[in-house]
Amino acid sequence: MRLFAAVLPPAPVLEELAAEVTQLKKLPAADRLRWTGRNGWHFTLAFYGEVHEDILPELHERLGRAAHRSAPYELRIARGGRFSDRVVWAGADGDRPAMRKLADSAAAAARRAGVSMKEEHRPYTPHLTLARNRVANLDLAPYAIALKDFAGTSWTVEALSLMRSHPPVPGVAGTQPRYEEIASWPLGH
């Protein structure tokens with residue numbers, strides 16, 4: 001199964017972001033983007049890819065330890081940007097060092113459990129993917145500019161979640177991946 005570790009923002013925080021996304025969708029050419037749904041908004045900490053079921057017990061144990069060693073921390077969805085002209089994203093503000101440490105711990109837990117992960121050589125950038133560009137020659141700068149002053153309400157991150165990604169239905173236009181939380185561990189407990 002296709003798995004990743006994540007932080008899930010609470011519903012009221014996602015409501016604020018949804019209101020901002022409604023405004024982004026009013027920008028020119030917004031209909032040319034593939035917008036992610038609210039149920040797809042999460043901060044990925046570590047992407048594991050395909051994980052065999054035999055590894056799950058060890059992965060659960062190690063993620064539980066990683067969560068136990070990490071204290072709850074403050075976070076909010078703030079600002080945004082773009083990855084080239086491919087992705088529009090919302091960013092994170094708050095205790096980013098704690099988030100980075102949790103991301104590193106989630107990746108190390110998976111490696112120790114036997115998950116074969118591709119090594120990422122770029123710095124961790126906490127973000128929520130809002131939209132993907134489906135066409136060539138579409139400048140995403142106006143979307144990044146529109147997000148520059150966005151600042152949601154702060155909340156305390158209290159859990160590490162193990163998520164399963166179900167791919168979109170093949171051959172059905174407009175379908176998106178579906179995400180399912182399969183386990184969660186409280187931070188600092």
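All residue numbers in this chain count up from 1 along the given sequence.
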Quiz item: When rounded to the nearest 0.5 angstrom, what distance separates CG in Leu75 from CG in Asp95?
Solution: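 The CG atom of Leu75 sits 8.5 Å away from the CG atom of Asp95.
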
Quiz item: How long is the gap from OG1 on Thr156 to CG on Leu187, to the nearest 0.5 Å?
Solution: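 So the gap between those two atoms works out to 10.5 Å.
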
Looking at every non-hydrogen atom in both residues, tell me the closest pair between [X] and [Y] and how far apart they are.
X: Ser165; Y: Phe4; result: CB-CE2, 4.1 Å
X: Tyr124; Y: Thr44; result: OH-O, 2.9 Å
X: Leu45; Y: Ala106; result: CB-CB, 4.4 Å
X: Ala78; Y: Asp93; result: CB-CB, 3.6 Å
X: Tyr73; Y: Met99; result: OH-CG, 3.4 Å
X: Leu140; Y: Asn133; result: CD1-CB, 4.3 Å

Quiz item: Going by the ring-ring contact (aromatic ring centres under 6.0 Å, His included) test, which pairs reach into residues 43-71, not counting sequence neighbours?
Solution: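 Counting only pairs at least two positions apart or across chains, the ring-ring contact (aromatic ring centres under 6.0 Å, His included) contacts touching residues 43-71 are His60-Trp185.
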
Would you say [X] and [Y] make side-chain contact, with heavy atoms under 4.5 Å?
X: Pro126; Y: Arg96; value: yes
X: Asp139; Y: Arg82; value: yes
X: Leu56; Y: Leu3; value: yes
X: Thr36; Y: Arg132; value: yes
X: Val88; Y: Leu147; value: yes
X: Trp41; Y: Ile77; value: no

Quiz item: When you look at Tyr143 and Leu130, which way does the side chain to side chain contact (heavy atoms under 4.5 Å, CB included) test go after all the steps?
Solution: CA-CA 10 Å; Tyr143 301 92; Leu130 300 177; over 6 Å; no

Identify whether [X] and [Y] are in the same connected component of the hydrophobic contact network (ILVMFWY, side-chain heavy atoms under 4.5 Å).
X: Phe150; Y: Phe83; answer: no
X: Leu17; Y: Val7; answer: yes
X: Val87; Y: Leu128; answer: no
X: Leu160; Y: Ile55; answer: yes
X: Leu102; Y: Leu59; answer: yes

Self-check item: Residues which pass side-chain hydrogen bond (donor to acceptor under 3.5 Å, both in side chains) with Ser161, listed by chain and number, not counting sequence neighbours
Solution: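 Glu181.
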
Quiz item: With sequence neighbours excluded, what pairs up with His127 under the side-chain hydrogen bond (donor to acceptor under 3.5 Å, both in side chains) test?
Solution: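 side-chain hydrogen bond (donor to acceptor under 3.5 Å, both in side chains) list for His127, sorted by chain: empty.
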
Exercise. Could you list all the salt bridge (Lys or Arg N to Asp or Glu O under 4.0 Å) pairs where at least one residue sits in residues 148-168, not counting sequence neighbours?
Key: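 For residues 148-168, and leaving out neighbouring residues, there are no salt bridge (Lys or Arg N to Asp or Glu O under 4.0 Å) pairs at all.
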
Self-check item: Sequence neighbours excluded, every pair satisfying salt bridge (Lys or Arg N to Asp or Glu O under 4.0 Å) that has a member inside residues 39-60
Solution: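 Qualifying pairs: Glu58-Arg62.
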
Self-check item: Expected output: side-chain Trp155 to main-chain Pro12 donor-acceptor under 3.5 Å
Solution: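 No: the side chain of Trp155 does not pair with the backbone of Pro12.
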
Quiz item: Applying side-chain hydrogen bond (donor to acceptor under 3.5 Å, both in side chains), which residue pairs with at least one partner in residues 11-24 are found, sequence neighbours left out?
Solution: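 Output for this query lists Glu15-Arg38, Glu16-Thr153.
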
